[in-house]
2 protein chains.
Amino acid sequence: MLTERQLLILQVIIDDFIRFAQPVGSRSLSKKDEITFSSATIRNEMADLEELGFIEKTHTSSGRVPSEKGYRYYVDHLLSPQTLKKDDLQLVKSIFAERIYELEKLVQKSAKILSELTNYTAIALGPKVKDNKLRKIQIVPLNNETAIAIIVTDTGYVQNKMIQLPPSFDINELEKMANILNDRLVGVPLTDLKDKIYKEVVTLLGQHIRNYDVISALLAESLNNVSKNEKLFYGGKTNMLSQPEFHDVDKVRSLLSVIEHEPDMYKMMRQNPAGITVKIGRENNNSALENCSFITATYSIGKDQVGTIAVLGPTRMEYSRVISLLDMFSHDLTALLTRLYQNN
Amino acid sequence: MLTERQLLILQVIIDDFIRFAQPVGSRSLSKKDEITFSSATIRNEMADLEELGFIEKTHTSSGRVPSEKGYRYYVDHLLSPQTLKKDDLQLVKSIFAERIYELEKLVQKSAKILSELTNYTAIALGPKVKDNKLRKIQIVPLNNETAIAIIVTDTGYVQNKMIQLPPSFDINELEKMANILNDRLVGVPLTDLKDKIYKEVVTLLGQHIRNYDVISALLAESLNNVSKNEKLFYGGKTNMLSQPEFHDVDKVRSLLSVIEHEPDMYKMMRQNPAGITVKIGRENNNSALENCSFITATYSIGKDQVGTIAVLGPTRMEYSRVISLLDMFSHDLTALLTRLYQNN
DNA sequence: ATTAGCACTCAATAACTAAGAGTGCTAACA
DNA sequence: TGTTAGCACTCTTAGTTATTGAGTGCTAAT
């Protein structure tokens, strides 16, 4: 167990390092207001803290730098919930005051603002629409070979897909088909659409439409994609370039390639427990993120967790500020989305 | 006027520098197969070429490096139209063989492949849909306050926009309204839509629908955006990181910030004459692009120039290869788009 | 238990050196 | 007269050596 004084020193070291990105020495520490004892004492304490694994030296005679364990302890126990500046607060509130009613735009904008407020990279996932219900399906013929299928969900999500019509398909039958589909499918959750088409609607279509098999297969396939449409949005992808730990182009490259590799990002963004999660350095299980921390927050519609918003920064990150901001975004997003979309 | 021998030397210098990114000296030049004269002779010729401004030294006793004027001459007069490797050719052809019928996806994919083939950054603009005609307009109510307007063009382009309904608006009237709009507006070019709504349709709506003024204003505004929907697509945004001229993070940052500043990119991508245009270094009028060349190619539907596809690389770029590739993309895109969309 | 003092370590910087690639010029050559 | 061999000179690069300064650990005094 750490003594009060060790905690104080650990905290001050981390705060200082987060701020200046330079190893912290005993002498400079002793000059801080909150430190009332001498540099020699600090050296002794630091030696202990190092032995316990909370701080490290970059070389034998250097100042100390927080270790991952140190950051972890800091995040878990030492974080003072920082209150945000008025300006920042207002900026965030202003997004949610704007009349953006399209879920995706809202989320996208959140990522952008979040990256601007933090100077790190922000990533947003979602919102998941799997529980959304079909509101309308429409098939618009473009010419003899092509039609475009459009579906609208009850949350206002629109997706469209081009369909190549089977040869010699009668365009006039498209309308009939759309009517049948709407009759039968409006109100059905998107995830069940494909099933429902095959189980119930296909036979019905067969009674009215020639070539119904080909086209309903096409349609079912197109619709199928809709349910997995969680999207990733980025803000400040290149913000990391201004962090001193990324003055090396090779590091930048490997970092950017992780960020841009969507499958990995999906994995990292999904399956987070409700609330805020902090992953520090190697906790991310990704060598390119060794010097990064990744903080995620979930947001919901009602009680349904529908997405995640996250910040990726150097391990030397302003945890307190980022966590406060994420918390705010998470709550505001949840509140707004819930208000708008819960009871349709 | 340059002598044959000077041209040869200039060409070999540039080819070598493009390949190895190192100043080229007289001795190493003299070892090349195509060079039959001594290094001393080369030195004399190089002195002349330098005086004429085609090559430069990086310091008093260094080898020579092409100047902008040198590149310009090279591009204008020395470029041997390189034939592409079979693999590359096949890769390109394969995109256009795939059954992608959505314009934007096609263009997007082109940018991606182009960046992969060149290892530079590829940018695509378009396709412009201003001449597209309205195929269908649909208004789907979501609840009492919100509806979603969807328009489809004859090229299969779909755009949607949320509309906040005026309070106490009767949802049933939306359908009436959509019918009127479809009656009157199908076949109208998108650019004329707004005008047409105000001039012809508003009065008609007034006869049938309460609150017609608010909602038609809303609608006209939404539709208005559609006409300027040329989009930018990127491929290989971070490819420049692997170019030796961008080993410095500051340069990377300023370059990326130019690339990501869409208004500037729009300007650079628009208003290019038909065919291929090469801008070298400062010809780009942008200090962050001083060490870059920017090659654009236009593509069309029929005779209508509808977009641009471009490559941004270091001035030390494989001009020949890039130009060949762009030429190919430009032609294939034009051919495919023309086939698909000209006569609808 | 704390701290002043001191010897020691190591990174960073600057100053110097040697090697090597390249140039320009001159004089000899075909 | 155009070409080339030869040579002195220049400048970068890489390696070596001091020098400085921030920092540490340890010891002994308070």
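Chain identifiers are assigned alphabetically (A, B, ...) following the order of the sequence lines, protein sequences preceding nucleic acid strands; residue numbering begins at 1 within each chain.
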A:Glu45 and A:Arg5 ion-paired at < 4.0 Å: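 Salt bridge present between A:Glu45 and A:Arg5.
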
A:Arg72 and A:Glu68 ion-paired at < 4.0 Å: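 No.
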
Test: A:Lys279 cationic atom under 6.0 Å from A:Phe294 six-membered ring centre, within 45° of axis: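 No, a cation-pi geometry is absent between A:Lys279 and A:Phe294.
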
Test: A:Lys251 cationic atom under 6.0 Å from A:Phe246 six-membered ring centre, within 45° of axis: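 No, a cation-pi geometry is absent between A:Lys251 and A:Phe246.
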
Could you tell me the separation between the [atom1] atom of [X] and the [atom2] atom of [N], rounded to a whole number of Å?
X       : N      : atom1 : atom2 : result
B:Arg5  : D:dG2  : CZ    : C1'   : 8 Å
A:Ile42 : C:dA1  : CD1   : C1'   : 15 Å
A:Gln22 : C:dA11 : CD    : P     : 15 Å
B:Leu29 : C:dA21 : CG    : C1'   : 13 Å
B:His59 : C:dA21 : NE2   : C1'   : 9 Å

B:Asn272 side chain vs B:Met268 backbone, donor-acceptor pair below 3.5 Å: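 Between the backbone of B:Met268 and the side chain of B:Asn272 there is a qualifying donor-acceptor contact (under 3.5 Å).
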
Any donor-acceptor pair under 3.5 Å from B:Tyr234 side chain to B:Ile259 backbone: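 Yes; judged by distance alone, with no hydrogens or angles, the pair exists.
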
Salt bridge (charged side-chain N to carboxylate O under 4.0 Å, His left out) partners of residues 309-326 of chain B, not counting sequence neighbours, each pair once: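 Passing the test, one end in residues 309-326 of chain B: B:Asp88-B:Arg321, B:Glu245-B:Arg316.
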
Pairs flagged by salt bridge (charged side-chain N to carboxylate O under 4.0 Å, His left out) wherever residues 255-275 of chain A is involved - sequence neighbours left out: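 As it turns out, the salt bridge (charged side-chain N to carboxylate O under 4.0 Å, His left out) pairs with a partner in residues 255-275 of chain A, which skip direct neighbours, are A:Glu230-A:Arg270, A:Lys237-A:Glu260.
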
Selection: residues 8-19 of chain B, any non-hydrogen atom under 4.0 Å of DNA chain D: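 Here the set is empty: none.
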
Rounded distance [0.5 Å steps], CG in B:Leu255 versus CG in B:Leu312: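 Reported value, rounded in 0.5 Å steps: 6.0 Å.
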
NZ-OG distance between B:Lys31 and B:Ser39, expressed to the nearest 0.5 angstrom: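 Answer rounded to 0.5 Å: 9.5 Å.
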
Non-neighbouring partners of B:Tyr74 that pass side-chain hydrogen bond (donor to acceptor under 3.5 Å, both in side chains), sequence neighbours left out: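 B:Asp15.
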
End axis versus end axis in the helix from C:dA1-D:dT30 to C:dA30-D:dT1, the angle rounded to 10°, five pairs used at each terminus: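 Answer for the end axes of this duplex: 20°.
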
Atom pairs under 3.5 Å: protein N/O with N/O of nucleotides 23-30 of chain C:
residue: C:dT23; atom: OP1; partner: B:Arg64; partner atom: NH1; Å: 3.3
residue: C:dT23; atom: OP2; partner: B:Ser26; partner atom: N; Å: 3.1
residue: C:dT23; atom: OP2; partner: B:Ser26; partner atom: OG; Å: 2.6
residue: C:dT23; atom: O3'; partner: B:Lys57; partner atom: NZ; Å: 3.4
residue: C:dG24; atom: OP1; partner: B:Lys57; partner atom: NZ; Å: 3.3
residue: C:dG24; atom: OP1; partner: B:Arg64; partner atom: NH2; Å: 3.0
residue: C:dG24; atom: N7; partner: B:Arg43; partner atom: NE; Å: 3.1
residue: C:dG24; atom: O6; partner: B:Arg43; partner atom: NH2; Å: 3.3

